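Written below as structure tokens is the structure these notes are about.
This is a predicted model, so every value here is computed, not measured.
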Amino acid sequence: MTPEKKPTRIIKNIRIEVDKCNGCRACEVICAAHHAQPRFSSTNPARARVRVIREPLSDIYVPVFAGEYTAAECAGRDRYVIDGKEYEECAFCRASCPSRDFFKEPDSGLPLKCDMCESDPTLEEPLCVTWCLADALIYEEREEEVEEEPRPEEVDEGLEALANKHGWDKVIDAVSRLKKAQA
Ligand code: SF4
Ligand code: SF4
């Protein structure tokens, strides 16, 4: 018997080749324009979901994509030295965090997060990738298997096995406690 094929999902990823980045900031401009209201009505890089760390005197250019929002800043800080170049604390952090102004909508202060340009389904790849003429941003997709939800009859069988072992009263009590905890 051939094993059943598991369902899959597409994982999207932008690979960053830092050595190729020249700090032109085209990625910031097109991202800001794409997310402006109405679309393409402004190019304020403060609205971009990508920020380029630029230190021309040290030849440092690093694009960083906006990630998750965090309500509290970290208690510690990391300082990186790569190939003899020293980067500022928090340089690579993707969080919209209270400790700095990065990745916050300038008017409302709401956190910004890269959405892979998914609001425009006609795009073949994220706009920052298309606009990066230095090829420092490479769009990649991969298919990943996902665990299937258990079938209802499997849940029934599992519950029955638990009831045989512990009794229905205990199983019902445990389920109702779990349900309350998740409410
Ligand atoms: S568009 Fe490309 S080269 Fe220009 S700053 Fe962004 S990542 Fe760097
Ligand atoms: S993928 Fe789209 S939303 Fe994310 S940084 Fe690039 S242009 Fe902005």
Side-chain angles (χ1 to χ4, degrees), residues 6-56 58-83 85-147:
K6 285 189 176 175
T8 57
R9 63 176 170 176
I10 300 293
I11 304 292
K12 300 174 178 181
N13 176 45
I14 295 174
R15 185 157 52 89
I16 303 165
E17 298 208 354
V18 172
D19 288 350
K20 292 184 181 171
C21 177
N22 58 28
C24 72
R25 302 182 73 189
C27 49
E28 292 182 0
V29 171
I30 190 59
C31 181
H34 178 68
H35 288 90
Q37 296 290 340
R39 193 163 275 175
F40 300 117
S41 61
S42 113
T43 54
N44 180 357
R47 292 201 171 84
R49 274 81 168 154
V50 55
R51 282 297 181 90
V52 183
I53 301 166
R54 294 176 81 258
E55 288 180 35
S58 312
D59 194 27
I60 286 178
Y61 307 106
V62 186
V64 178
F65 287 83
E68 298 298 329
Y69 163 75
T70 177
E73 62 187 271
C74 304
R77 298 283 190 273
D78 298 320
R79 191 177 284 276
Y80 289 83
V81 180
I82 303 172
D83 289 340
K85 294 176 188 170
E86 187 162 340
Y87 294 83
E88 280 187 359
E89 288 175 354
C90 310
F92 300 116
C93 182
R94 301 181 56 202
S96 173
C97 156
S99 73
R100 57 185 187 166
D101 292 331
F102 275 14
F103 306 138
K104 286 181 189 141
E105 162 62 39
D107 302 324
S108 61
L110 289 172
L112 300 173
K113 184 181 172 192
C114 168
D115 59 7
M116 287 279 175
C117 298
E118 283 184 341
S119 58
D120 184 348
T122 63
L123 295 174
E124 285 181 9
E125 64 179 11
L127 279 172
C128 56
V129 173
T130 311
W131 274 56
C132 179
L133 300 183
D135 292 334
L137 306 178
I138 296 118
Y139 180 59
E140 297 172 333
E141 282 183 358
R142 69 174 193 275
E143 208 173 357
E144 200 175 84
E145 285 189 344
V146 287
E147 288 306 320

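Interatomic distance, Ile53 CD1 to Ser58 OG, rounded to the nearest 0.5 Å: 12.0 Å. The CE atom of Met116 sits 6.5 Å away from atom OH of Tyr139, with the distance rounded to the nearest 0.5 Å. To the nearest 0.5 angstrom, Arg15 atom CZ is 8.5 Å from Asn13 atom CG.
Shown here for Cys93 and Arg100, the closest heavy-atom pair between the two residues is O-NH2, 2.8 Å. For Gly23 against Tyr61, the heavy-atom pair with the smallest separation is CA-CD2, 3.5 Å.
With sequence neighbours left out, Thr8 forms a side-chain hydrogen bond (donor to acceptor under 3.5 Å, both in side chains) with Glu143. Checked against side-chain hydrogen bond (donor to acceptor under 3.5 Å, both in side chains), Asn44 has no partners two or more places apart in sequence or in another chain. In this structure Glu73 satisfies the side-chain hydrogen bond (donor to acceptor under 3.5 Å, both in side chains) test together with Arg77, sequence neighbours excluded.
For residues 34-45, there are no salt bridge (Lys or Arg N to Asp or Glu O under 4.0 Å) pairs, not counting sequence neighbours. Residue pairs that meet the salt bridge (Lys or Arg N to Asp or Glu O under 4.0 Å) test with at least one member in residues 23-37, sequence neighbours left out, are Arg25-Glu28. Under the ring-ring contact (aromatic ring centres under 6.0 Å, His included) criterion, the residue pairs touching residues 92-138 are Tyr80-Phe92, Tyr87-Phe92, with sequence neighbours excluded.
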Next on the checklist: The test is salt bridge (charged side-chain N to carboxylate O under 4.0 Å, His left out); show your working for Glu144 and Arg142 and say whether it passes.
Outcome noted: CA-CA 6 Å; Glu144 200 175 84; Arg142 69 174 193 275; 3.2 Å; yes
